[in-house]
Protein chains: 2
Amino acid sequence: MAPTLKEVAKEAGVAISTASGILTERPDSWASESTRKRVQEAANRLGYEANRYARGLRIGSFQTIGLLVPDLLNPVYTVYARAIQEALEKAGYSLTVEEAKASLKGESAAVKKLLASQVDGILCFFMDMKAHEKLFTKQKNNNLPMVFFGDSYPNSGIDNVQIDFGRGTKEAIEELIKLGHSNIGVLYGYHPVPKERERADSRMEFFQTVLSKHDLPFPESNLLKSGHTMQNAYDRFKEYLDSTDPTDRVSAVFAINDILALGVMRAAIDHGLSIPEDLSIIGVDNTPMSQFSPIALSSVGYPIREIARTATDFLISRLQGDKEAQREVMFSTHLVHRESIAPPAVEVV
Amino acid sequence: MAPTLKEVAKEAGVAISTASGILTERPDSWASESTRKRVQEAANRLGYEANRYARGLRIGSFQTIGLLVPDLLNPVYTVYARAIQEALEKAGYSLTVEEAKASLKGESAAVKKLLASQVDGILCFFMDMKAHEKLFTKQKNNNLPMVFFGDSYPNSGIDNVQIDFGRGTKEAIEELIKLGHSNIGVLYGYHPVPKERERADSRMEFFQTVLSKHDLPFPESNLLKSGHTMQNAYDRFKEYLDSTDPTDRVSAVFAINDILALGVMRAAIDHGLSIPEDLSIIGVDNTPMSQFSPIALSSVGYPIREIARTATDFLISRLQGDKEAQREVMFSTHLVHRESIAPPAVEVV
DNA sequence: TTGAAAGCGCTAACAA
DNA sequence: TTGTTAGCGCTTTCAA
């Protein structure tokens, strides 16, 4: 099918190794101008492109890195993926992405697939890092460079980039408090994490810290867990509304990401509530959909593309032999204030 | 790094070909139960996974198919991509996706990349098929199976799956007319197609056909063109509103996809209009965001996953040597009626 | 300045 | 029933 080096060499009337040296611009290839030209022309004429797998086999690297994401149906990951791909392209690497499809089983499968896939390095967003611990340590010894998003793995030599949700969450919740809210709920659900690690998400922790700092109660019933899709959040919040007495009902909800927040918003609207008068909502990720939503969603944002680039740069430098100590960078977050929040409606007693 | 067949064979104390035969379950491998077991165990112990590129090099196929999409930032393509990936996985193929990034240059680059990438087959969403014509015909002769989404390429032997926007567009526009609209605009902008092919999009054509069937005028000024992002649509429609006398202003707009429709909606809201009272909006694709939008977007929908599966099945059957005549399937569309449309506000003269 | 030959990891005839 | 060997397309050492 596709022309091979051999064919190019034959067409140009040179040896295969000569053609290789010229086409890959190997510095020790001292071909004469005329040979060089003949080979170039032959390659063009045939439309030659090196077979990257054959090449990779030979040089021991397929110049590919793997990315693990929980779920590409959440637009935040497609934004990440694109930024990573662009950064890698500049460095001559290609990207192959594996999706966990928002299940822990899927995540394990994806990790295994990546580790077995001849990639030169790995970038990971984990839902449950702990679950794969043995795998990485093994790979660490195998020298497969990795960088983690979100999870720090102390003393592993694995670089990571983190998002400090502290500031943004604090801004978000304090803004709600300032507006007069005292009965605030939280909806989480992205990560299908085993029970014992369930509350570990830093967004949740910060949320509770801020509440208690302001001496606000946090009844268990204000902790809403759903699946990871808009529909899941919708169903969960609908159920909450249907089963909760309006006087007990939260006047604001902090959702752990934008798509869940939008699911909540839709459920509230279908329940007859007005946003933001009857319910304030804040999301996380500051995806384009939060900005363009007909009722624009307030959201805790952070510099996605910069984070992606940083992680990619870490990986690339490791690939190039950088042996520095384990790196860890923290990015900050902030509240983007939009239409979805307002003072709570006055209680009509 | 990763263990090789050779190591497994050595570990098991057999010849490399014996190990290969057993691990790939080649039918003519008549190894004894005990050898078989020893090999399996050795492979497990070492965590052996065949190097798919070495294997592909040898068997002349990397069991990979390529997908070309205009832009993964439009969620409709991530839905397609996932459905395709799932269908391919069942057949033992992997997917590699190339993005045109909504530029014609990007599209050409992506096509070339795909053609040079050792894939066994190609699935394409084109923005401008004509631009790549020479490339496919060349590939056709090279026997690279392809299937096109949307574009039919008569007498090429290239299968395609099409979406008949006729019914859905008709339903959409007639619904608007029934509601009392007579001044209807259209916003398009996904495809950065050369001027001479600009109006070719069937959604646009159907739109105009329906209008004229109902003897409705269609002034050039109601034809709005923007870029492909929400922001682009937002900017374009904002500009339209700012520059158009309210009495001339359209009372409804049909946008060529959901994200553009949502951009239009946001622009209208920011301009002080109420949706749907002051402006009705209809999108296309019926993506989840249209359903969950706080003002739910009416949209022309079609069975995305089924379309994806059909195209994938076509390709797989070609891969398996199917020589049937060129296939073409048409899927129908229908209006999903949601909150974003209503009778036009009564003109206050 | 150019070419022959070995070998990356794998498969598949063929021989033993 | 198992092992030897050639070769997929490429790079690279070494010899010519």
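Note: hydrogens, waters and symmetry copies are ignored here, and every other heavy atom, side chains too, is used. By convention in this document, chain letters (A, B, ...) are assigned in the order of the sequence lines, proteins followed by strands, and residues within each chain are numbered from 1.
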Below the 4.0 Å mark, does [N] have OP1 or OP2 next to a side-chain nitrogen or oxygen of [X]?
X	N	answer
B:S17	C:dC10	no
B:T35	D:dT2	yes
B:R55	C:dT11	yes

Round to the nearest Å and state the distance from [X] atom [atom1] to [N] atom [atom2].
X	N	atom1	atom2	result
B:I59	D:dG9	CD1	P	13 Å
A:Q63	D:dT11	CD	C1'	13 Å
B:R58	D:dG9	CZ	C1'	12 Å
B:K10	D:dG3	NZ	P	15 Å
B:F62	D:dC8	CZ	P	13 Å
A:R52	D:dC10	CZ	C1'	14 Å
A:I16	C:dA4	CD1	P	10 Å
A:K6	D:dA6	NZ	P	15 Å

Exercise for the section: Given side chain to side chain donor-acceptor pair (under 3.5 Å), test A:Y48 with A:E7 step by step and report yes or no. Expected result: CA-CA 9 Å; A:Y48 173 77; A:E7 298 173 73; over 6 Å; no

Exercise for the section: Return yes when atom NZ of B:K101 has more than 12 non-hydrogen atoms of other residues, nucleotides or ligands closer than 6.0 Å, and no otherwise. Expected result: yes

Problem - Sub-4.0 Å heavy-atom contacts from residues 18-25 of chain A onto DNA chain D, ordered by number - result: A:S20, A:T24

Is [X] touching bases, backbone alone, or none of the nucleic acid, heavy atoms closer than 4.0 Å?
X	result
A:R26	base
A:L5	base
B:Y48	sugar-phosphate

Completion exercise
For A:L319 and A:P145, the nearest pair of non-hydrogen atoms, with its separation, is CD1-CG, 3.5 Å

Problem - Terminal axis angle for the helix from C:dT1-D:dA16 to C:dA16-D:dT1, five pairs an end, nearest 10 degrees - result: 50°

Exercise for the section: Enumerate the residue pairs fulfilling salt bridge (charged side-chain N to carboxylate O under 4.0 Å, His left out) with a member in residues 104-113 of chain A, sequence neighbours excluded, ordered by first and then second residue. Expected result: A:E98-A:K113, A:K113-B:E89

Nearest to the side chain of [X], heavy atoms from C-beta on, is which of [options]?
X	options	value
A:A54	D:dT12, D:dC10, C:dC10	D:dC10
B:L57	D:dG9, C:dC10, D:dG3	D:dG9
A:N51	D:dC10, C:dA12, C:dC10	D:dC10

Practice task
Would you check if the side chain of B:R38 reaches a backbone N or O of B:E11 as a donor-acceptor pair within less than 3.5 Å?
Solution key: no

Exercise for the section: Before accepting this row, confirm whether a basic side-chain N of the pair A:R82/B:D71 lies closer than 4.0 Å to the acidic partner's carboxylate O. Expected result: yes

Handout entry: A:D322/A:R327 salt bridge by N-O under 4.0 Å criterion
Key = yes

Exercise for the section: Might you work through the side-chain contact (heavy atoms from CB on, under 4.5 Å) test for B:K130 and B:D151, ending with a clear yes or no? Expected result: CA-CA 10 Å; B:K130 288 274 168 216; B:D151 292 294; over 6 Å; no

Handout entry: Check against side chain to side chain donor-acceptor pair (under 3.5 Å), B:R55 and B:T24
Key = CA-CA 11 Å; B:R55 170 167 214 273; B:T24 53; 5.8 Å; no

Practice task
Check each of A:F148, A:Y153, A:F126 against A:H132 using the ring pair (Phe, Tyr, Trp, His ring centres under 6.0 Å) test, and report the only one that passes.
Solution key: A:F126

